[in-house]
Amino acid sequence: MRWAGDSSWVLRGLAFVALLVAWQVASQLMGQLLMPSPTRTVDSFVELITTGELADAWSETLFIMAVGLASIAVIGIGLGMALGRFRLADTFLDPVLTGLFMLPKLALVPIVALWLGYQETAKIVYIFLFGFFEVLFVVRNGVRSMEAEYVEVARSYVVPERTMLLKIILPASIPFVITGLRLGLLRGIEGAVIAGFFFESNGVGGLIFNAGVSFQPEILFAGLATVAAVGITINLVLHAAERRVAPWAEVSAT
């Protein structure tokens, strides 16, 4: 088991090296104007840090992203558990939620802008719309799938509803919550970047957009690298949280 854990990191390291090699080869084939090399991208990244431009961009993005992701987590988990537990409410709301989920999120930009303008509130709502449904549906389906296995036993012992929710359903649904958060929060980050494209052109999304339209691919790639780093960090944190609060899920997955 220890070797399996160590080898997974070795494989990930090899995949990263392979990505860098493929990136360098693509840069030589396509030219620096279309595909900047890794070294040129790193140089641009250092320059963005030195000038403070990257810090300014992320400082404009972090607040709205934090509020949006927190809203995704709280409302998505709460509503997902409620709908997974109470079938009548799920049947009533499912057509509306499914219809909203199927809408292309880019098509919602004009509506959000029309109703809320182009400021922070519009961006937060857009981030929420990007990631909320992933959390909702994963948690709802997870609670629904484990309900028959655990709840029937609790009912046979006449366990109160409150105790059933807090002591049985909530602990058993933790792996689904973590999975839903991983999908939803990463989608929320995507929404934060896109919000910088179509609303106020600021933040890290605005940095990436402006670099693209001004033909500065090295800045574009450097900005994208920071977004990927944030996403990877959130993914690792959620993996660590899952190992801590639900070690049985980690064991069953191996």
Side-chain angles (χ1 to χ4, degrees), residues 48 53-81 83 93-94 96-142 176-213 219-239 241:
L48 289 173
E53 187 176 356
L54 186 61
D56 291 341
W58 272 106
S59 66
E60 294 170 347
T61 300
L62 282 178
F63 172 74
I64 63 169
M65 191 169 72
V67 175
L69 296 186
S71 302
I72 289 170
V74 173
I75 300 176
I77 293 172
L79 186 58
M81 294 191 67
L83 295 183
L93 292 176
D94 182 68
V96 175
L97 293 173
T98 302
L100 291 174
F101 173 68
M102 296 303 295
L103 286 175
K105 301 305 180 289
L106 288 177
L108 297 175
V109 170
I111 297 176
V112 174
L114 178 65
W115 290 350
L116 300 174
Y118 293 87
Q119 305 300 319
E120 282 75 8
T121 302
K123 293 182 179 181
I124 291 171
V125 170
Y126 194 69
I127 293 169
F128 177 82
L129 292 173
F130 243 84
F132 163 72
F133 295 101
E134 276 75 8
V135 179
L136 170 68
F137 288 132
V138 171
V139 174
R140 183 201 66 178
N141 295 341
F176 302 105
V177 169
I178 298 294
T179 300
L181 284 176
R182 189 180 302 133
L183 295 174
L185 297 188
L186 295 180
R187 286 280 289 164
I189 294 174
E190 180 183 350
V193 174
I194 294 177
F197 292 179
F198 295 103
F199 296 95
E200 278 188 316
S201 185
N202 58 11
V204 68
L207 174 70
I208 294 170
F209 178 79
N210 292 330
V213 297
I219 296 179
L220 188 153
F221 274 71
L224 288 175
T226 64
V227 175
V230 171
I232 291 171
T233 300
I234 290 178
N235 195 45
L236 290 176
V237 168
L238 290 175
H239 270 301

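- A salt bridge (Lys or Arg N to Asp or Glu O under 4.0 Å) check over residues 105-129, counting only residues at least two apart or in different chains, returns nothing.
- Checked against side chain to side chain donor-acceptor pair (under 3.5 Å), Asn235 has the following partners two or more places apart in sequence or in another chain: Arg182.
- Leu62 places a side-chain heavy atom less than 4.5 Å from the side chain of Met65.
- In plain terms, the two heavy atoms of Ala122 and Gly117 that are nearest each other are CB-O, 3.3 Å.
- Every residue two or more places apart in sequence or in another chain was checked for a ring pair (Phe, Tyr, Trp, His ring centres under 6.0 Å) with Phe176, and none qualifies.
- Interatomic distance, Leu69 CG to Ile234 CD1, rounded to the nearest 0.5 Å: 5.5 Å.
- In terms of heavy atoms, Asn210 sits closest to Val213 at O-CG2, 3.3 Å.
- Remark: Phe197 pairs with Phe209 by the ring pair (Phe, Tyr, Trp, His ring centres under 6.0 Å) rule, at least two apart or across chains.
- Listed here is the closest heavy atom pair of Phe133 and Leu100: CZ-CB, 3.6 Å.
- Between Leu129 and Leu103, the closest side-chain pair of non-hydrogen atoms is not below 4.5 Å.
- In this structure Thr98 satisfies the side chain to side chain donor-acceptor pair (under 3.5 Å) test together with Asp94, sequence neighbours excluded.
- Under the side chain to side chain contact (heavy atoms under 4.5 Å, CB included) criterion, Phe128 pairs with Ser71, Ile72, Ile75, Phe132, sequence neighbours left out.
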Without placing hydrogens or testing angles, list every side-chain donor-acceptor pair under 3.5 Å for residues 220-233, not counting sequence neighbours.
{"residue": "Thr226", "atom": "OG1", "partner": "Trp58", "partner atom": "NE1", "Å": "3.1"}
{"residue": "Thr226", "atom": "OG1", "partner": "Gly223", "partner atom": "O", "Å": "2.6"}
{"residue": "Thr233", "atom": "OG1", "partner": "Ala229", "partner atom": "O", "Å": "2.8"}

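- The OH atom of Tyr126 sits 13.0 Å away from the CG atom of Leu116 when rounded to the nearest 0.5 Å.
- For Glu60 (side chain) and Gly203 (main-chain N/O), a donor-acceptor pair under 3.5 Å exists by modelled atom type.
- The two atoms that bring Ile77 and Val139 nearest to each other are O-CG1, 4.0 Å, heavy atoms only.
- When all heavy atoms of Ala73 and Leu181 are compared, the pair lying nearest together is CB-CD2, 3.5 Å.
- Closest heavy-atom contact between Phe130 and Arg187: CD2-O, 3.4 Å.
- Between the CD1 atom of Ile124 and the CZ atom of Phe63 there is a distance of 5.5 Å, given to the nearest 0.5 Å.
- To the nearest 0.5 Å, atom CH2 of residue Trp115 and atom CG of residue Leu108 are 9.0 Å apart.
- Note: Leu136 CG to Leu93 CG = 9.0 Å, rounded to the nearest 0.5 Å.
- Applying the side chain to side chain contact (heavy atoms under 4.5 Å, CB included) criterion to Glu53, with sequence neighbours excluded, gives Leu48, Thr51, Leu207.
- With a 4.5 Å cut-off on side-chain heavy atoms, Leu106 and Phe198 count as touching.
- Under the side chain to side chain contact (heavy atoms under 4.5 Å, CB included) criterion, Ala70 pairs with no residue at all, not counting sequence neighbours.
- Ile219 contributes atom CD1, which lies 10.5 Å from atom CG of Leu54 (distance to the nearest 0.5 angstrom).
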